[in-house]
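Just so it is clear, the structure is predicted and the values come from calculations on it, not from any experiment. In what follows, chains carry the letters A, B, and so on, assigned in the order in which the sequence lines appear, proteins first and then strands, with residues in each chain numbered from 1.
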There are 2 protein chains.
Amino acid sequence: MARQTRQTILDVAGNLFGNRGFDAVSLDQIAAEVGVAKQTVLYWFSTKDELVQEVLAETAVELTVVVEAAIRSAPDDPLDRMEAVVKAVFRPAVRRPSLLGLVREISRLPSESSERLTDSLRPLVERAMNWMKAEMDAGRLRRADPGLIVALAYATVTGIATEPEALRVVGWNADIAGLRRLRDELVDFLRAALAPR
Amino acid sequence: MARQTRQTILDVAGNLFGNRGFDAVSLDQIAAEVGVAKQTVLYWFSTKDELVQEVLAETAVELTVVVEAAIRSAPDDPLDRMEAVVKAVFRPAVRRPSLLGLVREISRLPSESSERLTDSLRPLVERAMNWMKAEMDAGRLRRADPGLIVALAYATVTGIATEPEALRVVGWNADIAGLRRLRDELVDFLRAALAPR
DNA sequence: ACCTTTCTCTACCATTTGGTAGAGAAATGT
DNA sequence: ACATTTCTCTACCAAATGGTAGAGAAAGGT
């Protein structure tokens, strides 16, 4: 099925873009890894820039789905809910660092592109901010600036998931036990950061 | 003074590399911003790769100096000391996001390059880990895996300092008051994350 | 004053890159 | 069975890129 070629291109491109950065990846490299000619990539996506936009749009959808599913099935306690969301994002993110690596690349796009993408994530972010403010008002989370706390939590999760060098320097191993320790330490770190005094 | 040209090239290259990524910046762009010919850049640095290495070596030195100075003049209380270090790093980092943007790019280098660079930062990291472990043993910091906590604190600081998009989405403004609020929120976040239970 | 060294430049090179054009095979429709 | 559409390919293009070679100006030494 030819549309399968299109999805393969998106998957391979997403992986390479997220790991190396948009400009470090050429159409030839994507084509070679998919196993088609560069012209085939350009058949499905008119330009490299369009491919980048589609990859990012897919990523935004995937993350939104993951986060919203975690929220729906999460317990009522805010720290438990935060933990459920972090674990839900962490699971695919550590297996595939390119996922959050892509989100980080958004800051490197021209303004209009990055704004279009962050606009698609804005409803999710605003729900998180409003929820956080309500829990802080109820005394169930440490009182702080909800927006900055959302940004800090996001920075911590993406930062730790997308920089294997930083983890290697502190002696961490990417085996099953190591992943579990990292996830648990991350969750404890955020719980402690957000717990009411 | 011609050696001034060399330092200007390093400064401009560091800025561009840290903001956009190594592969998104050409020798011609660096030369244009310095105001010299591309050949002049290649006179001082034999290859683009050598320029990258020098920029990163300079960055490692600068950060090491900043952190060590903060440690020397910090109070004895571990949370106060952590706060002093975070503020010392945050100050140049937010004014010049390329600084930590460069550190993040280390993960994208070929293995031997990134290892050489992380090796130059390893003594600093190990001192931080040993200090953290001692304070945890003394009950002055929350007990956790010292290595992972160092990595998480680093991820939080660099993450928040190098992704203006994430901050813009939560409604943050990059004015003087906004910078102070961000710095204070970051410090509170980390204090809460590390405080003993 | 002249020689040597340092620094900067233009011209040039081969390769890479994003993209275009049209041919032909495979899939689909009538 | 034939026509049309979809998908994949090779060949080609202009521009960008990292780098080389050598000329000449500026700085420094004798």
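With respect to the salt-bridge test (charged N to carboxylate O, under 4.0 angstrom), the residues E54(B) and R6(B) qualify. Taking 4.0 Å as the cut-off between side-chain N and carboxylate O, D119(B) and R122(B) count as a salt-bridged pair. Using a 4.0 Å cut-off between charged nitrogen and carboxylate oxygen, R191(B) and E185(B) do not count as a salt-bridge pair.
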Compile the donor-acceptor pairs under 3.5 Å between side chains in residues 10-25 of chain A and protein atoms, sequence neighbours left out, one pair per line.
residue: D11(A); atom: OD1; partner: Q7(A); partner atom: NE2; Å: 2.9
residue: N15(A); atom: OD1; partner: S98(A); partner atom: OG; Å: 2.9
residue: N19(A); atom: ND2; partner: N15(A); partner atom: O; Å: 3.2

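Put simply, CZ on R3(B) is 15 Å from C1' on dT5(C), counting in whole angstrom units. Distance L27(B) CG to dA15(D) P: 21 Å, rounded to the nearest Å. One can place CG of L51(B) at 10 Å from P of dG19(D), the figure rounded to the nearest angstrom. Note: CG (D28(B)) to P (dC9(C)) measures 12 Å, nearest angstrom. Counting to the nearest Å, the C1' atom of dG19(C) and the CD atom of E50(A) are 13 Å from each other. Rounded to a whole Å, the CG atom of D23(B) is 13 Å from the C1' atom of dT17(C).
Taking every side-chain heavy atom of K48(B) into account, dG19(D) is the closest of dG18(C), dG19(D), dT8(C).
Applying a 4.0 Å cut-off to non-hydrogen atoms, none of the residues of residues 8-19 of chain A approaches DNA chain D. Proximity of residues 30-46 of chain B to DNA chain C (heavy atom under 4.0 angstrom from any strand atom) is restricted to V36(B), A37(B), Q39(B), T40(B), Y43(B), W44(B).
For S26(B), a side-chain nitrogen or oxygen approaches OP1 or OP2 of dT17(D) to under 4.0 Å. A sub-4.0 Å separation between OP1 or OP2 of dT8(C) and a side-chain N or O of T5(B) is present.
Residue V65(B) is found in a hydrophobic cluster whose other members, listed by chain and number, are V61(B); membership requires side-chain heavy atoms under 4.5 Å apart, directly or through intermediates.
Sequence neighbours left out, not one pair with a member in residues 136-171 of chain B passes ring pair (Phe, Tyr, Trp, His ring centres under 6.0 Å).
Residues passing the ring pair (Phe, Tyr, Trp, His ring centres under 6.0 Å) test with F189(B), sequence neighbours excluded: none.
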